[in-house]
Amino acid sequence: MNNEITRKLVIYNTLSRTKEVFEPIHSPHVGMYVCGPTVYSDVHLGNCRTFISFDIIYRYLLHIGYKVRYVRNITDAGHLEGDHDEGDDKFAKKAKLEQLEPMEIVQKYTLGFHEVLSMFNTLPPSIEPTATGHIIDQIEMIRKILESGYAYEVNGTVYFDVEKYSNNHSYGVLTNRKLEDLLEGTRELSGQDEKKGRLDFALWIKSKPETLMQWPSPWGNGFPGWHIECSAMSTKYLGTTFDIHGGGMDLQATHHTNEIAQSEAFSNVSPVKYWVHTNMLTVNGARMSKTAGNGFLPKELFTGNHPLLERGYSPMTVRFFMAQSQYRSTLDFSNEALQAAEKGYKRLMESLSVLDKIVPGEVSSVSIAELKEKCYAAMDDDFNTPILISHLFDAVRIINSARDKQETLTSDDLEMLKQIMHSFVFEVLGLKDESNNSAGNEVMEGLMNLIADIRKSARANKDWSTSDKIRDELSALGFEIKDTKDGFEWRLN
RNA sequence: GGUACCUUGACCGAGUGGCUAGGUAGCGGUCUGCAAAACCGUCAACGGCAGUUCGAAUCUGCCAGGUACCUCCA
């Protein structure tokens, strides 16, 4: 096989609670499924963290040579607000509120989701299936589960029988919990409940006549339960067993636990080899969530239009901020942390333009090959982006020092350094340069050269008031001015 | 109540049984007309109490504080 993957990647697997060597089932092909958003409201920053984390994972897998099929769903139906609500799903509820068709809601927030993720420079998944587009697949799967005896129908609603499943499977594997403990934590069955067991969850839910989104099924009209869509769609596109299943940690205990149960009841094999969970984004130590109402919308963050924000921060500042923590740790969100990230991000970007100005020397005073290996080693260790970034800052120091002739690099090493920076900063971390410099704008370039000339002669004549006036007023307009030996450099932020 | 997890310097945040994380901020210096940037140097930490160990911030126990999940949430 000419697609030999040479890196030895280690991934933390929630199933075993240890780091495991990553060995795909059909290397170099990798199947990865990530739970996407429920599109009934705007995505907040916490949601974005998960998608950015998996974007970096996806990018690194591609970078080291894997052929990845990345499936991320859109939940646009069937996601109940709770077992005890009136039977409408989230879309119908919101639709009534806004006087819109459910699919209008879905369309609106799907577009918003894509817009936000594209601002964060995430790559689109290979397949982005919707729940409503896979009703038939879900019904088929439910039917098989009924046949296998792990589900039962009551009055048009189909429930998964957790206790029966537990007789020969371990229901709580993902969270390392025993059934008895789980039962202890659950509410008593209320009188109106038709479920047999307290942990049983709905696969198919009977609709009322007025329910807006409903489909015919062998059990009458209704709509699918939340968990079944992911099992049905991951099976359809990645097979009954695939490599990586990801999502936020909040999905681990319920959604993913139920997915495993459904899939095993359906196919009798464990559906996922590596379960990967990203940790939560917190604000003042508390988890950012829709229900808690402490969620920042990306738009508020970019504009600074939020009571907790002193000012706005750019999408790449935020992306860099997130990459500075490991995906399995909680990350706390604050003005100070964002300001620190912004400075660091700019310094990193700045060094990339310095890189083109370095004159190669006869020998190298530092080992670039070693630096390169350290960068890969960091990512190979469960995608440790903070360690990677610490090495990239070593590179920044080398680059700046080489410009100042304090370090020297051979032309080969200089090439390697450029390649490392390009690969890791742009391809793997998925950052991009947001600064708006002269590239592609000749008028601006000519204008700035003219101003630079005027200021240069003013300085030569020790006319400091003119030279300072030019600098100060350009700064006020948003230009960043840096004096050099022969003039000044500028960039527009 | 049950089950997990977390507590690192001014702030964010890695890691590890003995070896400088990194960024931001601070301090001193180089450079500069001044500033900014950059570079060099530097300060500073491992919640508390016991234990295991030649050695623990890293392992164990207890305590304190915090968070999450068990019910919709990435």
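Residue numbering restarts at 1 for every chain, and letters A, B, ... go by the order of the sequence lines.
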Asks: So if I define the base as every atom that isn't primed, P, OP1 or OP2, how would nucleotides 26-34 of chain B read as a B/S/- string at a heavy-atom cutoff under 4.0 Å?
Replies: -------BB
Asks: Short of 4.0 Å, heavy atom to strand atom, which residues of residues 381-391 of chain A count as contacting RNA chain B?
Replies: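 Residues of residues 381-391 of chain A under 4.0 Å from RNA chain B: A:Asn384, A:Pro386, A:Ile387, A:Ser390.
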Asks: Using the 3.5 Å cut-off, write out each protein N or O paired with an N or O of nucleotides 40-45 of chain B and the distance between them.
Replies:
from, atom 1, to, atom 2, distance (Å)
B:C40, OP1, A:Arg397, NH1, 3.1

Asks: With rounding to whole Å, what would you report as the distance between B:C46 and B:A57 at their C1' atoms?
Replies: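 Here B:C46 and B:A57 have their C1' atoms 4 Å from each other.
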Asks: For residues 316-336 of chain A, pull every pair meeting salt bridge (Lys or Arg N to Asp or Glu O under 4.0 Å), keeping only residues two or more places apart or in separate chains.
Replies: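 Checked against salt bridge (Lys or Arg N to Asp or Glu O under 4.0 Å) - neighbours excluded - the pairs reaching residues 316-336 of chain A are A:Asp55-A:Arg319, A:Arg328-A:Asp382.
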Asks: Between the protein and nucleotides 9-11 of chain B, which nitrogen or oxygen pairs come in under 3.5 angstrom?
Replies:
none

Asks: Which atom pairs, one a donor and one an acceptor, fall under 3.5 Å between side chains of residues 389-396 of chain A and the rest of the protein, sequence neighbours left out?
Replies:
from, atom 1, to, atom 2, distance (Å)
A:Ser390, OG, A:Ile387, O, 2.8

Asks: Looking at residues at least two apart in the chain, or sitting in another chain, which of them share a side chain to side chain donor-acceptor pair (under 3.5 Å) with A:His114?
Replies: A:Glu128
Asks: Can you give the dot-bracket line for RNA chain B, using ( ) for pairs inside the strand, [ ] for pairs that cross earlier ones, | for pairs with another strand and . for unpaired bases, where Watson-Crick and G-U count if both distances are under 3.5 Å?
Replies: (((((((..(((.....[...))).(((((.......)))))....(((((..]....))))))))))))....
Asks: Between residues 316-324 of chain A and RNA chain B, which residues have a heavy-atom gap below 4.0 Å?
Replies: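 Contacts with RNA chain B under 4.0 Å: A:Gln324.
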Asks: Could you tell me which residues satisfy side chain to side chain donor-acceptor pair (under 3.5 Å) with A:Glu342, sequence neighbours excluded, listed by chain and number?
Replies: A:Arg311
Asks: Taking only heavy atoms on the protein side, list every residue of residues 243-263 of chain A lying under 4.0 Å from any atom of RNA chain B, sorted numerically.
Replies: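 Going residue by residue through residues 243-263 of chain A, the ones with a heavy atom under 4.0 Å of RNA chain B turn out to be A:Gly247, A:Gly248, A:Asp250, A:Leu251, A:Ala253, A:Thr254.
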Asks: Which residues satisfy the side chain to side chain donor-acceptor pair (under 3.5 Å) test with A:Thr385, sequence neighbours excluded?
Replies: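 Not a single residue meets the side chain to side chain donor-acceptor pair (under 3.5 Å) criterion with A:Thr385.
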